[in-house]
Amino acid sequence: MFRSLHIHNYRMFAAGGTVSNVGTWLQRTAQDWLVLDLTHGSAAALGTATALQFLPMLLFGMFGGVLADRYPKRPILITAQTLMAALALTIGVLTMTGSAQVWHVYVMAFVLGMISCVEVPTRQAFVVEMVGRRDLPNAIALNSSIFNLARVVGPALAGVLIYVFGGTGPLFLINALTFGGVISSLVFMRKSELNPTDPVPRAKGQLREGLKYVIRREELLMPVLLIGFVSMFSQSFSMSIALMAREVFKAGASSFGLASSMFAVGALGGALLAARRARLSKKVLFAGALGFGLFQIATGLAPFYPAYLLLLIPTGIALITINTAANASVQLATSPEMRGRVMGIYMLVFTGGAPLGAPLIGWLSELGGPRAGVILSGVLVLAGTGLAVLMTRLIGRRVRRRPVLALAG
């Protein structure tokens with residue numbers, strides 16, 4: 001389960017990432033709570049902030065993947081993490097001084113999304129340079145475990161700290177400090193033990209080349225389409241947790257943090273289960289997608305807060321199962337010189353759907369209540385799973401038919 005941790009560089013990266021991810025979840029929880037405070041509980045405003053954070057990935061995510069193939073990945077990651085720390089420090093100071101307004105949060109979310117356009121595909125493609133192909137599925141699953149361990153600790157700790165400090169400002173400052181963990185791990189890695197991919201020379205059509213590469217391979221196209229439909233509504237699920245906790249069950253900040261942590265407990269369990277598997281099959285991929293849709297519907301129907309909290313656990317397991325299976329299958333099916341661009345496309349559909357899904361769910365939650373938003377989200381995930389299968393088959397037939405038509409012409 002933990003075999004990738006025997007590799008020195010990955011062990012350093014995982015340790016630094018653990019510290020930084022806890023800070024990230026402190027900030028995510030604080031950001032949601034700050035928006036709700038500034039707008040007196042507006043679901044639409046919360047959806048807008050979430051959308052703005054993921055909108056840059058939708059617009060520019062593939063260009064970030066091109067940069068990840070063209071330049072050494074470690075310096076890119078160090079620069080991006082430093083910029084993110086500066087951003088957290090800025091919004092923290094604004095909040096602490098009482099100057100923060102909702103448009104400040106919107107700007108911060110958008111700029112953070114712009115940095116993520118480059119940082120996320122680069123970080124995803126960098127993992128194989130630390131561990132190699134053999135341990136790649138395990139490392140991806142452990143990354144998910146670290147992320148979700150922080151997701152357990154971060155929101156619960158954030159709820160307590162918001163209560164103790166009487167506001168969200170200090171949480172942004174704490175997050176700024178935690179970036180030191182991952183930055184130092186990248187700076188002090190053993191360069192001789194890395195297996196860097198040779199940078200791809202700058203040339204015209206590299207973005208188009210990456211798109212064609214994915215479209216022509218069903219083993220890539222299927223998980224990319226599937227994760228695109230699922231993530232359109234999974235990325236807004238933390239927003240739905242905030243709305244359900246605050247508006248339906250009338251929970252305070254600490255109880256909202258508990259709900260986020262229960263979801264993360266399930267996600268952590270799903271990641272550890274994935275780390276034990278030698279390979280992640282299509283059956284695992286589809287089981288995760290269908291399970292996530294069904295459990296979303298169940299959480300929307302939960303009559304009491306304790307039942308809601310319990311249902312968040314299998315929902316988290318299902319979501320992390322599909323995320324881990326899709327990520328590993330895409331990376332293993334991709335050649336090294338294309339990995340940055342393919343992961344740019346993957347992360348575009350993984351996070352780029354949020355600008356569409358988050359405002360829709362926020363609007364429906366205001367119109368029909370948070371329960372209606374969560375239930376409809378689950379229904380759309382199930383519909384999207386079927387649509388991904390249909391689209392893969394249709395596109396595959398068209399691609400296979402083109403050479404025959406060209407030959408006949």
Side-chain angles (χ1 to χ4, degrees), residues 2 4-31 53 57 64 67-68 71-92 108-109 111-131 135-136 138-155 157-158 171-191 193-196 264 267-268 271 275 323-324 327 331 340 343 347 350-351:
F2 301 104
S4 295
L5 293 178
H6 292 291
I7 300 168
H8 173 80
N9 284 338
Y10 180 76
R11 188 165 61 247
M12 287 188 64
F13 184 76
T18 300
V19 175
S20 183
N21 273 312
V22 170
T24 296
W25 279 105
L26 286 178
Q27 177 163 309
R28 286 193 181 187
T29 308
Q31 178 179 307
Q53 188 161 334
M57 186 64 75
L67 293 176
Y71 301 103
K73 297 175 180 60
R74 197 168 65 97
I76 292 177
L77 291 174
I78 293 170
T79 302
Q81 294 290 327
T82 303
L83 292 174
M84 288 178 178
L87 201 59
L89 179 62
T90 301
I91 193 66
M108 182 200 74
V111 175
L112 187 62
M114 289 293 293
I115 299 169
S116 296
C117 285
V118 180
E119 193 271 343
V120 174
T122 303
R123 173 163 41 86
Q124 294 287 332
F126 184 61
V127 174
V128 72
E129 296 189 4
M130 289 185 287
V131 303
D135 289 325
L136 181 61
N138 178 257
I140 291 171
L142 288 180
N143 284 347
S144 295
S145 301
I146 292 166
F147 179 81
N148 287 289
L149 177 61
R151 198 172 189 169
V152 173
V153 176
L157 182 59
L171 279 70
F172 294 104
L173 300 181
I174 292 171
N175 182 43
L177 293 174
T178 64
F179 279 102
V182 69
I183 292 172
S184 61
S185 74
L186 289 164
V187 169
F188 295 109
M189 278 185 178
R190 295 173 182 169
K191 295 181 183 179
E193 296 179 12
L194 292 171
N195 300 291
L268 176 60
N323 287 351
T324 304
N327 191 317
Q331 291 217 48
M343 292 313 297
M347 295 311 301
F350 181 70
T351 60

Restricting to non-hydrogen atoms, name the atom on [X] and the atom on [Y] that form the minimum distance, rounded to 0.1 Å.
X: F179; Y: S20; answer: CD2-OG, 3.8 Å
X: G340; Y: P121; answer: O-CB, 4.2 Å
X: A139; Y: V131; answer: CB-CG2, 3.9 Å
X: N143; Y: V127; answer: ND2-CG2, 3.4 Å
X: T18; Y: A14; answer: OG1-O, 2.7 Å
X: A85; Y: A176; answer: O-CB, 3.6 Å

Side chain T122, main chain V118, donor-acceptor under 3.5 Å: yes

Residue pair [X] / [Y], side-chain heavy-atom distance below 4.5 Å:
X: M84; Y: Q27; value: no
X: Y10; Y: L142; value: yes
X: W25; Y: L157; value: no
X: L194; Y: R74; value: yes
X: I78; Y: V187; value: yes
X: T24; Y: N175; value: yes
X: T29; Y: L171; value: no
X: N327; Y: Q124; value: yes

Test side chain to side chain contact (heavy atoms under 4.5 Å, CB included) applied to L186 and F126, step by step: CA-CA 11 Å; L186 289 164; F126 184 61; 4.0 Å; yes

Is there any side-chain hydrogen bond (donor to acceptor under 3.5 Å, both in side chains) pair reaching into residues 179-190, and which pairs are they, with sequence neighbours excluded? H8-R190, R190-E193

Return the [atom1] to [atom2] distance between [X] and [Y], rounded to the nearest 0.5 Å.
X: I115; Y: L83; atom1: CD1; atom2: CG; result: 5.0 Å
X: K73; Y: M130; atom1: NZ; atom2: CE; result: 11.5 Å
X: L173; Y: I91; atom1: CG; atom2: CD1; result: 10.5 Å
X: M189; Y: L77; atom1: CE; atom2: CG; result: 8.5 Å

